[in-house]
Visitor: 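Have a look at this one before I ask anything.
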Amino acid sequence: MELIGPISQLVTLQDLPLKGPISDSALPVISNAGIAIENSTIVAVDNWDLLVARYPTASITALEGAYVAVPGYIDCHTHICFGGNRARDFALRNAGVSYLEIAQSGGGIWDTVTQTRKCTEQELTQIVIKNANKHLQSGVTTIEVKSGYGLSIEEEIKMLRAIYKGNNETAADLVATCLAAHLKPKDFNGSNEAYLNYLVTNLFPVLRSENLTNRIDAFVESSAFSVDEIAPYLQAAKALNFDITIHADQFTTGGSQVAVQFGALSADHLEASGDKEIEALAQSNTIAVALPGASVGLGCSFAPARKILNKGGALAIASDWNPGSAPMGDLVCQASILATFEKITTAEVFSGITFRAAAALNLFDRGRLVAGNKADFILYPTTDYRDILYYQGSLRPSKIWKSGKLIGA
Ligand code: NIG
Ligand code: FE
């Protein structure tokens with residue numbers, strides 16, 4: 001047993017609800033706190049003096065200076081496995097060309113597919129490790145990573161193997177998701193339905209046999225796959241017990257309805273969601289995931305996060321880190337920006353990047369600093385937890401524990 005402390009403020013997030021609004025007065029904070037851990041698990045969090053008295057034989061990791069502790073963050077939506085970059089797209093957008101126009105003229109997702117296909121599996125693995133470690137240094141200890149820039153059986157498998165191997169070589173936990181239904185590739189000879197059918201027949205069995213992922217994502221959008229096209233694909237995924245997540249309502253609606261209908265774990269984006277979509281999400285068990293990094297990257301409106309919470313929905317916040325719409329990859333900065341524009345309380349923001357995001361990944365062993373959970377936590381060199389969002393990502397964690405091990409910063 002190891003005791004770590006004393007910690008000026010420890011934000012546990014204990015007992016906060018999965019759905020609905022949370023006022024800042026409800027945020028559970030222990031002052032002069034400590035954390036007791038054994039191997040990779042939290043044994044107790046409590047007042048430091050009480051912990052030291054309760055576990056007299058434990059080894060003590062005494063902290064010099066003042067710190068605030070929060071759970072390691074969970075980024076439940078990223079595309080950090082990719083080749084190349086799309087700085088050209090970014091400049092074009094800022095010069096007035098739209099995201100969809102750029103995509104139609106050979107830029108956009110297809111450009112990244114071309115760059116990603118040129119990478120070997122080993123090169124992609126190194127890219128995943130590099131991006132995951134960068135995220136880890138800003139306190140993100142669990143990272144969902146999507147495929148979706150391969151768009152053929154071989155290339156999607158290459159991406160998912162790179163994510164699998166990357167997971168073994170970073171201290172962060174990577175959760176892989178298959179996004180082969182991102183776009184019908186330009187070199188596929190056939191309809192959208194034929195492409196999706198080809199994935200069901202040829203890719204789904206390999207995902208299972210190689211244990212590459214348990215999660216299926218799809219981009220439901222007029223420029224990608226329609227509600228009617230995607231339904232049989234999701235039906236097939238469900239029949240094989242895959243968890244579902246959907247890129248929904250980014251530019252046009254329809255995706256969130258599909259997500260709710262198929263019992264998806266999450267519906268992500270939602271910038272275009274209106275009252276009907278918000279109501280349906282709030283009534284469901286599907287987590288609504290706001291991606292402020294994509295709003296900032298594209299210069300679009302934010303997902304209606306405040307309305308989703310007020311209607312009783314579960315709101316997570318993720319980075320969508322990708323080379324096209326969200327190149328920044330700074331979750332805390334983006335969550336803080338969403339908070340200012342959408343009026344999201346500090347308690348709701350921390351919930352959205354911890355246990356609510358974990359639920360979007362079907363993980364219930366992390367995201368709160370409570371006994372029995374994974375010992376994933378980060379320490380900031382400050383005495384006030386509000387400083388974390390106030391500094392909009394520029395206050396960096398100075399110590400990071402992942403699965404009970406200090407990995408440093
Ligand atoms: O989540 N919307 C679709 N997919 C990604 C963007 C991928 C890209 O532009 O490369 C997203 O924003
Ligand atoms: Fe995305």
Side-chain angles (χ1 to χ4, degrees), residues 9-30 33 35 37 40-45 68-78 135-136 138-144 172-175 215 243 245 264-268 281-282 284-292 303 305 308-309 312-319 331-332 334-336 338-339 344-380 385-386 388-389 397 400-404:
Q9 291 183 330
L10 188 141
V11 181
T12 67
L13 303 178
Q14 180 165 16
D15 295 334
L16 292 180
L18 193 55
K19 297 180 73 174
I22 309 173
S23 71
D24 283 337
S25 57
L27 190 69
V29 179
I30 304 174
I35 307 183
I37 65 175
S40 61
T41 306
I42 298 172
V43 176
V45 292
V68 165
V70 297
Y73 303 126
I74 288 134
D75 190 347
C76 64
H77 182 139
T78 85
H135 234 16
L136 187 58
S138 49
V140 185
T141 47
T142 299
I143 309 167
E144 187 259 15
D173 286 334
L174 306 186
V175 177
R215 293 167 49 84
D243 288 335
T245 174
L265 288 176
S266 73
D268 307 31
L281 282 166
S284 76
N285 291 324
T286 297
I287 310 271
V289 183
L291 305 172
I308 290 168
L309 287 163
L315 179 86
I317 305 166
S319 75
L331 179 63
V332 174
Q334 294 163 3
S336 175
L338 181 74
I344 307 302
T345 68
T346 303
E348 289 162 342
V349 172
F350 281 126
S351 301
I353 56 176
T354 57
F355 69 92
R356 286 176 166 179
L361 300 177
N362 216 10
L363 297 173
F364 296 92
D365 63 347
R366 65 196 74 191
R368 306 181 198 255
L369 298 181
V370 296
N373 266 10
K374 273 172 100 71
D376 295 354
F377 54 93
I378 60 181
L379 301 186
Y380 285 93
Y385 68 85
R386 292 173 301 191
I388 299 168
L389 299 180
I400 296 160
W401 267 264
K402 176 72 192 88
S403 301

Visitor: Mind checking whether R366 and D173 have side chains closer than 4.5 Å, heavy atoms only?
Guide: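 In short, these two side chains touch, coming nearer than 4.5 Å.
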Visitor: Would you check if the side chain of S266 reaches a backbone N or O of D268 as a donor-acceptor pair within less than 3.5 Å?
Guide: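 Answer holds: no.
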Visitor: If every non-hydrogen atom of V70 is compared with every non-hydrogen atom of L369, which pair is closest and at what distance?
Guide: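 Nearest heavy atoms, V70 then L369: C-CD1, 3.7 Å.
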Visitor: Quick one: sort the W401 and F377 rings into parallel, tilted or perpendicular, breaks at 30° and 60°.
Guide: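 The rings of W401 and F377 lie parallel, inter-plane angle below 30°.
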Visitor: Taking C-beta and beyond as the side chain, do P21 and T345 meet within less than 4.5 Å on heavy atoms?
Guide: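 When only atoms from C-beta onward are counted, T345 and P21 do not touch, as no gap falls below 4.5 Å.
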Visitor: Salt-bridged, D24 to R386, with N to O below 4.0 Å?
Guide: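 No, D24 and R386 are not salt-bridged.
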Visitor: Using every non-hydrogen atom in the two residues, find where V43 and A371 come nearest and quote the distance to one decimal.
Guide: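 Looking at all heavy atoms of both residues, the closest pair is O-CB, 3.2 Å.
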Visitor: Quick check on side-chain contact (heavy atoms from CB on, under 4.5 Å): which of I378, V29, I388 does V68 satisfy it with?
Guide: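 Only match with V68 under side-chain contact (heavy atoms from CB on, under 4.5 Å): I388.
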Visitor: What heavy-atom pair brings V332 and Y380 nearest, and what distance separates the two atoms?
Guide: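 In terms of heavy atoms, the two residues are closest at CG2-OH, 4.2 Å.
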Visitor: Under a 4.5 Å cut-off applied to non-hydrogen side-chain atoms, are V175 and R215 in contact?
Guide: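 They are in side-chain contact.
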Visitor: Say whether, by atom type as modelled, one donor and one acceptor occur between the side chain of E144 and the main chain of T78 under 3.5 angstrom.
Guide: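 At least one qualifying donor-acceptor pair exists.
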Visitor: Of all heavy-atom pairs between L389 and S336, which one has the smallest distance, and what is that distance?
Guide: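 In this case the closest contact between L389 and S336 is O-OG, 2.7 Å.
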Visitor: Kindly indicate, with the supporting measurements, whether the criterion side chain to side chain contact (heavy atoms under 4.5 Å, CB included) is fulfilled by E348 and S23.
Guide: CA-CA 8 Å; E348 289 162 342; S23 71; over 6 Å; no
Visitor: What's the spacing between H135 NE2 and L174 CG if we round to 0.5 Å?
Guide: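 Separation between the atoms: 10.5 Å.
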Visitor: Measure from the side-chain N and O atoms of R356 to the backbone N and O of F350, and report whether any donor-acceptor pair falls under 3.5 Å.
Guide: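 Not a single qualifying donor-acceptor pair exists.
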Visitor: Side chain to side chain contact (heavy atoms under 4.5 Å, CB included) for I30 and T12? Distances and angles first, verdict last.
Guide: CA-CA 8 Å; I30 304 174; T12 67; 3.8 Å; yes
Visitor: Do the side chain of K374 and the main chain of S40 share a donor and acceptor less than 3.5 angstrom apart?
Guide: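 Checked: no pair found.
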Visitor: Any side-chain heavy-atom pair from L281 and I287 closer than 4.5 angstrom?
Guide: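 A side-chain contact is absent here, since even the closest heavy-atom pair is not under 4.5 Å.
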Visitor: So, taking the atom named OG in S351 and the one named CD1 in I344, what distance separates them when rounded to the nearest 0.5 Å?
Guide: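 So the OG of S351 and the CD1 of I344 are separated by 11.0 Å.
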Visitor: Got I74 and I353 here, is their nearest side-chain heavy-atom distance under 4.5 Å?
Guide: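 No; the side chains remain at least 4.5 Å from each other.
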Visitor: In the structure I gave you, are the side-chain heavy atoms of P71 and D376 within less than 4.5 Å of one another anywhere?
Guide: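 Of all side-chain heavy-atom pairs linking D376 with P71, none is under 4.5 Å.
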Visitor: When you compare the side chain of L10 with that of I35, does any pair of heavy atoms fall below 4.5 Å?
Guide: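 Yes, their side chains come closer than 4.5 Å.
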Visitor: Do V349 and L338 make a side-chain contact, defined as non-hydrogen atoms from C-beta onward lying under 4.5 Å apart?
Guide: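 Answer no - side chains too far apart.
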Visitor: Say whether, by atom type as modelled, one donor and one acceptor occur between the side chain of T141 and the main chain of A172 under 3.5 angstrom.
Guide: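 Such a contact is absent between T141 side chain and A172 backbone.
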Visitor: Are any side-chain N or O atoms of S319 and backbone N or O atoms of L331, one a donor and one an acceptor, separated by less than 3.5 Å?
Guide: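 Judged by distance alone, no pair lies under 3.5 Å.
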Visitor: Which heavy atom of G367 sits nearest a heavy atom of L13, and at what distance?
Guide: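 Shortest heavy-atom separation between G367 and L13 comes out as O-CD1, 3.5 Å.
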Visitor: Please lay out, stage by stage, how L361 and L265 fare under the test side chain to side chain contact (heavy atoms under 4.5 Å, CB included).
Guide: CA-CA 7 Å; L361 300 177; L265 288 176; over 6 Å; no
Visitor: Taking all atoms of both residues into account, what is the closest heavy-atom pair of P292 and A318, and its distance?
Guide: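 Nearest heavy atoms, P292 then A318: CD-O, 3.7 Å.
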Visitor: Run the salt-bridge test on D15 and R368 with the 4.0 Å N-O cut-off and return the result as yes or no.
Guide: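 A salt bridge is absent here (no side-chain N lies under 4.0 Å from a carboxylate O).
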Visitor: Would you give the length of the straight line joining atom CD1 of I400 to atom CG of L379, rounded to the nearest 0.5 angstrom?
Guide: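 CG of L379 is found 9.0 Å from CD1 of I400.
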